[in-house]
Amino acid sequence: MNELIIRQPDDLHIHLRDGDLMSLAVEHVSAQFQRAIVMPNLSLPVVSTTMAAKYRARILSSIPAGRTFSPLMTLYLTDRTTPAEIRAAKGSGFVYGVKYYPAGATTNSDSGVTDLSARYNVLAEMSKCGLPLLVHGEVTDKSVDIFDREKVFIDSVLSKIVTEFPELKVILEHITTSDAVDFVDSCSENVAATITAHHLLLNRNDLFKGGIKPHHYCLPILKRETHRLALVRAATSGSPKYFLGTDSAPHEKGTKEAACGCAGVYTSHAAMEFYAMAFESVGALDRLEGFTSHYGAKFYGLPLNEGYVKLIKNPQKIVDQYSYPGGVVVPFKAGETLDWCCTT
């Protein structure tokens, strides 16, 4: 297959940052996607509907002329989030979920929840309102191996949430293990998962090929090849429980290539091409549209997009870096040549 036309997709998990870096991120995501679920973990977390409205306005002002793009906002769940704030978020019409970060789990997660059971009144209100819980699924206990943190989180935290709140819509974000796939498959239709392109294309060996690769470092961290293959099977299965969420996360080059490098992979510049590579690798391009454009919209209760994108077998070379006013960002597969090219 040399050409594929599919309904315009949505990126249902992305980091657009703020300030100088936002323009680059918005430029790239709006080139391929109609809508995006925007993560709230800025350096000053988006913890209220008022803050989400202001952040949304900044994103809208960064959209390149002539493009139509809709940022779908989220709130950052903290130890101080109240049921009243959840009602305000749901009533806003522009907040589509609440993000749960265990405190210290990833970038800008220090304000995350320290005791989720103390927020059960908030989860109950979310269940009542129909506002989804978006989960970063890792424990932060230092005694748990970093490669096991997703599984332990599922067993010790997420399984309890799903049991306690069966009507709550839950999205286990950027899953990385066969354990996550097995859990999502075992749950009701109210539980779903996003899968990134880099977790479909890389395993943990890629962190160390030819030396440490800081631009492949992300959280949750890359796992064994057996887990990568499980993610590919889930993404290409045709199950509506799995859909596209890039978790694209731009960082300035110096903060990635540092003694304590940041976690995050930047894929927005060629996201659809990367997913096409993964699906083509197992002969499943015919199932790409459902994963990228149908299942996530249905889960969030959104209408399908009216536009289309075209994927063409036309080699393109990824640039070594992208410049922005504050520095440069090294993209995923920098300097490599891809088989696919996506146009709108």
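Fair warning: this is a prediction, and the values are worked out from it, not measured in the lab.
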Just so I know, are the side chains of [X] and [Y] near enough to count as touching, which here means a heavy-atom distance under 4.5 Å?
X	Y	answer
Tyr275	Leu200	yes
Ser178	Thr226	no
Tyr242	Ile175	yes
Phe274	Thr196	no

Using distance alone, with no hydrogens and no angle criterion, decide if [X] and [Y] have a side-chain donor and acceptor under 3.5 Å apart.
X	Y	result
Thr49	Glu85	yes
Thr194	His174	no
Glu306	Gln34	no
Lys223	Thr177	no

(request) Before accepting this row, confirm whether a basic side-chain N of the pair Asp206/Lys213 lies closer than 4.0 Å to the acidic partner's carboxylate O. (result)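 A salt bridge is absent here (no side-chain N lies under 4.0 Å from a carboxylate O).
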(message) My understanding is that only one of His28, His215, His251 makes a ring-ring contact (aromatic ring centres under 6.0 Å, His included) with Tyr266; could you say which?
(response)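 The residue from His28, His215, His251 that satisfies ring-ring contact (aromatic ring centres under 6.0 Å, His included) with Tyr266 turns out to be His28.
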Following the transitive rule for hydrophobic clusters with a side-chain heavy-atom cut-off under 4.5 Å over Ile, Leu, Val, Met, Phe, Trp and Tyr, establish whether [X] and [Y] coincide in one cluster.
X	Y	result
Leu116	Leu75	yes
Leu302	Tyr308	no
Val184	Val232	yes

Verify the neighbour count for atom [atom1] of [X]: are there more than 12 heavy atoms of other residues, nucleotides or ligands below 6.0 Å?
X	atom1	value
Ile212	CD1	no
Arg204	CZ	yes
Lys317	NZ	no

(request) Using the salt bridge (Lys or Arg N to Asp or Glu O under 4.0 Å) rule, collect all pairs that involve residues 29-55, keeping only residues at least two apart or in two chains. (result)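 Checked against salt bridge (Lys or Arg N to Asp or Glu O under 4.0 Å) - neighbours excluded - the pairs reaching residues 29-55 are Asp10-Arg35.
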(request) Keeping to residues at least two apart or across chains, list the salt bridge (Lys or Arg N to Asp or Glu O under 4.0 Å) pairs with something in residues 170-185. (result)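 Salt bridge (Lys or Arg N to Asp or Glu O under 4.0 Å) check on residues 170-185 returns no pairs.
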Just list the side-chain donor-acceptor pairs under 3.5 Å for residues 331-344, sequence neighbours left out, or say none.
residue: Trp340; atom: NE1; partner: Glu280; partner atom: OE1; Å: 3.0

(message) Out of the candidates Glu150, Arg228, Arg149, His199, only one should pair with Thr176 under the side chain to side chain donor-acceptor pair (under 3.5 Å) rule; please name it.
(response)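 Single pass found, and it is Glu150.
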(request) Grab the two heavy atoms, one from Thr78 and one from Arg119, that are nearest each other, plus how far apart they are. (result)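 Looks like O-CD, 3.3 Å.
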(message) How long is the straight-line distance from OG of Ser156 back to NZ of Lys151, given to the nearest 0.5 Å?
(response)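 The distance works out to 9.5 Å.
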(request) Rounded to the nearest 0.5 Å, what's the gap from CD on Glu273 to CG on Leu311? Could you check? (result)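 That separation rounds to 6.5 Å.
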